[in-house]
Asker: 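Below you'll find the structure I mean.
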Amino acid sequence: MTLPRRLPLRLAWPALGAAALVLGAASRPAADDPWWSPGEGRVFPATLDYPNAHGVMRTLLSGGPLPTRGHPFFEPIGTNGRACVTCHQPADGMSLAASTAAARWELTGGRDPLFAAIDGSNCPTLPQGERASHSLLLERGLFRIQRPWPVREWQGRPVTPDFTLEVVRDPNGCNSGPRYGPAAGNVSVYRRPRPVSNFKYLLAVGFAYDPKQGIALPRDPRSGQMQSGNLMADNRAGSLFEQMADAATSHLQLMGRLTPQQEARILDFEMRLHTAQQISHAGGPLDTLGAEGGPAKLRDSQPGALGSIGTPVWSEFAAWEKIPAAEAAKLSPEQLAFRQSVARGAQVFRNKTFLITDSSGINAPVGFGNPVRNSCVFCHNMSQMGNDVAPGQVDLGTTTLPFADPWPDLPLFRITCRGKPHPFYGRVFYTYDPGFALTTGRCADAGKITLQSMRGLAARAPYFSNGLASDLRGIVDYYERRYSIGYTEQEKQDLVNLMSVL
Amino acid sequence: MKSLTLALALLAPLSAEAAETGRLVRFVSCPVYRDADSGKKSGCWLADARDSGERFDVSLSPYKPDWNRAVLVEGRTTGQPATPCGSPVLDPVRTSVLDEPCQRHMLPAEGFPGRRFVLPPRNLAPLSVPRKPVEGPFGPRTFALFFEFDRAFVVYQYSDFLLDQAAAWLAAARPKRVVVTGFAATAPETVSGRLLAERPEVAQERAAITAESLHRLLPELVIETRTETAATPTDLPDADGLPGQSQRRVEIRAEF
């Protein structure tokens with residue numbers, strides 16, 4: 001559909017037809033409220049649109065509307081009043097923006113189950129009524145993730161970590177004391193919630209091997225199917241069943257286990273969801289003039305294809321590289337310029353090469369060499385989705401010194417490799433989050449974080465697993481700092497514009 | 001027990017074909033990266049044979065250097081022009097990353113274009129691409145895959161391809177059992193003044209990672225692992241005529 005030229009976007013939105021456009025603030029009636037509270041019993045429509053700073057995010061639910069009354073994704077099935085939807089909000093691309101958490105705090109005085117002491121505060125030992133005790137969630141959208149330490153088992157095999165973990169700094173108190181920290185048998189790190197949508201892509205297996213680990217992919221003990229390794233930041237869950245069990249116990253404080261019926265209903269719902277930006281404030285509808293933005297393309301495409309040998313990544317916007325003059329005349333100058341910028345951004349993403357250095361999972365041990373020249377699409381290589389066709393555990397340095405930005409409010413750990421030194425950090429180094437190493441127990445995996453999903457970015461700032469990029473420009477700026485890419489200002493803006501429409 | 005064919009192969013000298021290729025060079029050196037830019041993966045890797053003073057283009061190795069560490073270079077000289085990277089080309093060539101630290105060094109392109117990336121012949125097709133059925137008759141057969149010096153990592157677009165070829169054949173052949181033997185080149189050799197020898201335990205590591213992959217690919221397979229140290233060179237074709245590479249291997253033998 002094409003927006004009438006110069007028609008204010010706000011007026012054009014009703015033309016979305018079946019879309020359930022939701023513009024309301026928290027004070028509106030529940031049906032229009034972008035915040036989905038547990039147990040409120042709304043119907044999840046087949047098409048659900050929410051505005052964000054960059055335009056409109058659309059979530060499609062294949063198979064038609066879903067009454068959520070009694071549905072385990074939407075009901076507070078645990079003991080803390082939360083449901084899955086609490087931290088996976090449709091208005092936030094099925095994740096949770098830090099700004100949403102902050103607004104929720106203001107609206108409820110911090111009494112929403114979102115702020116449950118278990119992980120919605122910096123540490124349960126802090127005074128829960130104080131805003132400062134929830135600063136990581138309110139300011140960077142971070143939840144506390146408590147992992148067992150030392151890790152003893154992975155993929156059905158016993159594990160003895162080949163590194164020691166010492167707490168250098170514990171600003172929140174959750175890595176020291178009688179109940180928390182390595183001495184108490186656990187480690188607390190802080191991470192962003194990953195979006196619950198587009199799962200057919202995140203579960204897709206394009207090849208039978210994990211080139212980063214040099215081994216065939218593991219199989220799900222329940223289904224016998226190979227596991228993609230792309231679900232969680234530290235790859236601790238290989239299937240959605242494992243993920244939902246982990247989340248129910250930790251985030252919902254469910255006593256006991258999900259029933260098979262609950263698991264099946266959650267799985268059914270999650271696999272039907274596709275989310276992407278549908279309309280850009282600056283560029284208009286993203287599926288016009290030959291472009292294929294929006295979630296319908298995601299819904300209708302086969303997942304798991306490698307862009308370099310098939311449909312190029314972000315070629316959904318290739319038609320905007322050369323917009324015919326007659327069509328361009330129907331757009332405002334600003335819309336035309338934005339669309340051209342998005343198309344350039346896709347080309348920069350694919351074609352602007354730079355030297356990738358000292359990044360475990362890329363430069364070692366795969367065999368690519370250190371350094372290796374490549375572009376964003378080297379890792380973000382899956383058509384339509386931009387995640388990694390292979391299991392995506394790589395170390396960009398976002399959580400580990402010296403590459404990570406200074407964060408005085410995060411715990412800092414000293415890692416000492418007992419066997420071989422880390423290929424790039426050496427024997428002793430410092431990290432805010434060991435990432436994948438908390439799952440495998442291997443020093444060489446420290447700092448590796450599973451690639452993020454790139455869809456729905458516009459609705460769910462901040463970015464990276466520890467929220468270090470407060471906005472889309474922050475993502476580009478981090479990569480520029482890390483790899484000295486040499487992006488021009490125009491290229492940076494083109495990449496930002498591209499990410500705003502994914 | 002090895003098949004007679006394989007046993008003969010192990011005892012035989014390198015084939016005539018291998019011997020006719022260029023001069024074999026083997027040395028340890030700190031790699032130099034030349035920032036040539038013809039697109040993705042187009043940069044050049046250079047390494048100096050300090051004994052002879054020659055600088056070689058070693059970019060064609062399936063596993064490439066780390067500019068922070070020394071590499072064991074094994075390759076054969078060629079008559080290929082030095083135009084891509086500015087140095088004589090070794091092909092075939094292997095560059096094993098060693099634990100010895102190096103001063104990292106990068107040269108500018110200096111007008112050299114590097115090589116535009118093309119998929120290597122040993123690359124896996126996506127699962128979405130229909131496979132050509134493996135046809136019988138099936139009988140005892142041995143496959144081999146190869147490793148970097150003193151490592152047990154199944155290298156992308158080299159050993160994973162060889163492993164996949166074996167797995168596809170095994171899936172069709174359905175042998176009674178499979179024997180996976182990890183080899184290690186544990187006999188010390190002096191290279192560039194250093195005494196190099198693989199750890200004995202890398203033989204087990206290679207066997208274990210290969211067996212685990214086969215188990216994941218073909219859960220019903222009955223697999224036994226074995227090890228052999230003091231591995232000797234063979235003329236197995238996928239070692240590309242490089243004796244050192246042929247020693248660092250795993251053999252997957254199907255028994256019926």
Side-chain angles (χ1 to χ4, degrees), chain A residues 155-157 204-221 224 226-227 302-306 308-310 350-358 360 363-378 381-383 389-390 420-421 423-426 444, chain B residues 31 33 35-45 58-59 61-69 71 95 97 99 101 104 106 114 117 119 123-129 147-148 151-161 163-164 167-168 208-219:
Chain A
Q155 294 182 336
R157 290 176 178 263
V205 172
F207 296 85
Y209 300 86
D210 179 351
K212 301 180 185 70
Q213 298 291 321
I215 194 168
L217 295 178
R219 289 184 185 273
D220 182 351
M226 286 190 146
Q227 297 177 325
Q302 285 297 313
L306 193 59
S308 61
I309 57 174
R350 291 193 299 269
N351 301 331
K352 174 88 173 187
T353 64
F354 52 94
L355 290 183
I356 302 168
T357 57
D358 301 332
S360 185
N363 299 112
V366 187
F368 293 133
N370 180 35
V372 61
R373 176 170 289 283
N374 222 304
S375 66
C376 304
V377 82
F378 192 24
N381 51 47
M382 189 185 288
S383 303
V389 170
K420 274 196 168 187
F424 303 118
Y425 293 128
Chain B
Y33 184 77
D35 191 20
D37 184 2
S38 292
K40 64 179 185 177
K41 301 181 187 174
S42 62
C44 295
W45 284 106
V58 298
S59 311
S61 175
Y63 38 88
K64 302 195 190 315
D66 175 346
W67 62 2
N68 299 311
R69 297 171 195 277
V71 285
T95 52
V97 176
D99 288 337
R104 64 166 65 178
M106 181 167 71
F117 175 74
L119 270 178
N123 75 87
L124 290 172
L127 292 172
S128 57
V129 175
F147 295 83
E148 210 173 330
R151 296 186 183 215
F153 188 84
V154 176
V155 174
Y156 178 62
Q157 291 185 340
Y158 179 34
S159 292
D160 62 352
F161 172 82
L163 177 60
D164 195 64
I209 197 83
T210 303
E212 178 62 23
S213 275
L214 287 174
H215 173 69
R216 292 178 178 189
L217 294 165
L218 305 167

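All heavy atoms count here, side chains included; hydrogens, waters and symmetry mates do not. Owing to the predicted nature of the structure, the values given are computational and were not obtained by experimental measurement. Chain A is the first sequence line, chain B the second, and so forth, proteins listed ahead of strands; every chain is numbered from 1.
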Asker: Name the option with the most non-hydrogen atom pairs under 4.5 Å to chain A; the candidates are B:I209, B:V97, B:V155.
Answerer: B:I209
Asker: Measuring heavy-atom distances to chain B, does A:A364 have an atom under 4.5 Å in its side chain, in its backbone, in both, or in neither?
Answerer: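 Neither part; nothing is under 4.5 Å.
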Asker: If you count heavy-atom pairs under 4.5 Å with chain A, which of B:K64, B:Q157, B:R104 comes out on top?
Answerer: B:K64
Asker: Which one of A:G369, A:G304, A:P365 has the most heavy-atom pairs closer than 4.5 Å to chain B?
Answerer: A:P365
Asker: Which bit of A:R157 comes within less than 4.5 Å of chain B, counting heavy atoms only: side chain, backbone, both or neither?
Answerer: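 Contact with chain B is through the side chain of A:R157 alone.
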Asker: Which region of A:K420, side chain (C-beta onward) or backbone (N, CA, C, O), has a non-hydrogen atom less than 4.5 Å from a non-hydrogen atom of chain B, or is it both or neither?
Answerer: side chain
Asker: Below 4.5 Å, heavy-atom pairs only: which of A:L355, A:V372, A:N363 has the largest tally toward chain B?
Answerer: A:L355
Asker: Considering all heavy atoms of both residues, which atom of B:W67 and which atom of A:T357 are nearest to each other, and what is their separation?
Answerer: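 Heavy-atom minimum between the residues: CZ2-CG2, 3.7 Å.
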Asker: Where is the tightest heavy-atom contact between B:D99 and B:R151, given as atom of each residue plus distance?
Answerer: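 Of all heavy-atom pairs spanning B:D99 and B:R151, the closest is OD1-NH2, 4.3 Å.
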Asker: Could you tell me which portion of A:Q213 (side chain, backbone, both or neither) has an atom closer than 4.5 angstrom to a non-hydrogen atom of chain B?
Answerer: backbone
Asker: For the pair A:F368 and A:N374, evaluate side chain to side chain contact (heavy atoms under 4.5 Å, CB included) and give the outcome as yes or no after the intermediate values.
Answerer: CA-CA 10 Å; A:F368 293 133; A:N374 222 304; over 6 Å; no
Asker: With a 4.5 Å heavy-atom cut-off, do B:F147 and B:Y63 have their side chains touching?
Answerer: no
Asker: Looking only at heavy atoms, what is the nearest atom pair of A:K352 and A:S375, with distance?
Answerer: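 It is O-CB, 3.2 Å.
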Asker: With chain B as the partner, which of A:P423, A:G367, A:G214, A:P371 has the greatest number of non-hydrogen pairs under 4.5 Å?
Answerer: A:P371
Asker: Under a 4.5 Å heavy-atom cut-off, does chain B meet the side chain of A:N351, its backbone, both or neither?
Answerer: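 When you check distances to chain B, no heavy atom of A:N351 falls under 4.5 Å.
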Asker: Given that the side chain runs from C-beta out, which part of A:T353 has a heavy atom under 4.5 Å from chain B: side chain, backbone, both or neither?
Answerer: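 The answer is the side chain of A:T353.
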Asker: Side chain from CB out, backbone as N, CA, C, O: work out which of these in A:I215 comes under 4.5 Å of a heavy atom of chain B, or both, or neither.
Answerer: both
Asker: In terms of heavy-atom proximity below 4.5 Å to chain A, should B:L214 be classed as side chain, backbone, both, or neither?
Answerer: neither
Asker: Less than 4.5 Å to any heavy atom of chain A: does that hold for the side chain of B:D164, its backbone, both, or neither?
Answerer: both
Asker: Which atoms form the tightest heavy-atom contact between B:F161 and B:N123, and what is the distance?
Answerer: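 Shortest heavy-atom separation between B:F161 and B:N123 comes out as CD1-O, 3.5 Å.
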Asker: Quick one: does B:Y33's side chain get under 4.5 Å of A:R373's, heavy atoms only?
Answerer: yes
Asker: Please flag which part of A:Y209 lies under 4.5 Å from any non-hydrogen atom of chain B: side chain, backbone, both or neither.
Answerer: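 Side chain of A:Y209 only, per the 4.5 Å heavy-atom cut-off to chain B.
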Asker: Can you tell which of B:P62, B:S128, B:G39 has the highest number of heavy-atom pairs within less than 4.5 Å of chain A?
Answerer: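 Going by pairs under 4.5 Å, I would pick B:G39.
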Asker: Can you say whether A:P421 sits under 4.5 Å from chain B via the side chain, the backbone, both, or neither, judging by heavy atoms?
Answerer: neither
Asker: Looking at every non-hydrogen atom in both residues, tell me the closest pair between A:L306 and A:S383 and how far apart they are.
Answerer: C-OG, 4.0 Å
Asker: Report which part of B:P101 has an atom under 4.5 Å of a heavy atom belonging to chain A: side chain, backbone, both, or neither.
Answerer: neither
Asker: Can you list the residues that meet the salt bridge (charged side-chain N to carboxylate O under 4.0 Å, His left out) rule with B:K41, with sequence neighbours excluded?
Answerer: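 For B:K41, no residue satisfies salt bridge (charged side-chain N to carboxylate O under 4.0 Å, His left out) once neighbours in sequence are set aside.
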Asker: Using non-hydrogen atoms and a 4.5 Å limit, figure out which bit of A:I356 sits close to chain B: side chain, backbone, both or neither.
Answerer: neither
Asker: Go through the atoms of B:P126 and report whether side chain, backbone, both or neither lie under 4.5 Å from a heavy atom of chain A.
Answerer: both
Asker: Measure B:A125 against the heavy atoms of chain A and call it side chain, backbone, both or neither at under 4.5 Å.
Answerer: backbone
Asker: Is A:Q155 in contact with chain B via its backbone, its side chain, both, or neither, using a 4.5 Å heavy-atom distance?
Answerer: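 Contact with chain B: side chain only.
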Asker: Is A:F354 in contact with chain B via its backbone, its side chain, both, or neither, using a 4.5 Å heavy-atom distance?
Answerer: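 The answer is neither part of A:F354.
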Asker: For B:S42 and B:F117: C-alpha separation, side-chain torsions, deciding distance, then whether side chain to side chain contact (heavy atoms under 4.5 Å, CB included) applies.
Answerer: CA-CA 6 Å; B:S42 62; B:F117 175 74; 5.9 Å; no
Asker: Please classify the contact of A:V389 with chain B as side chain, backbone, both or neither, using a heavy-atom distance under 4.5 Å.
Answerer: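 When you check distances to chain B, no heavy atom of A:V389 falls under 4.5 Å.
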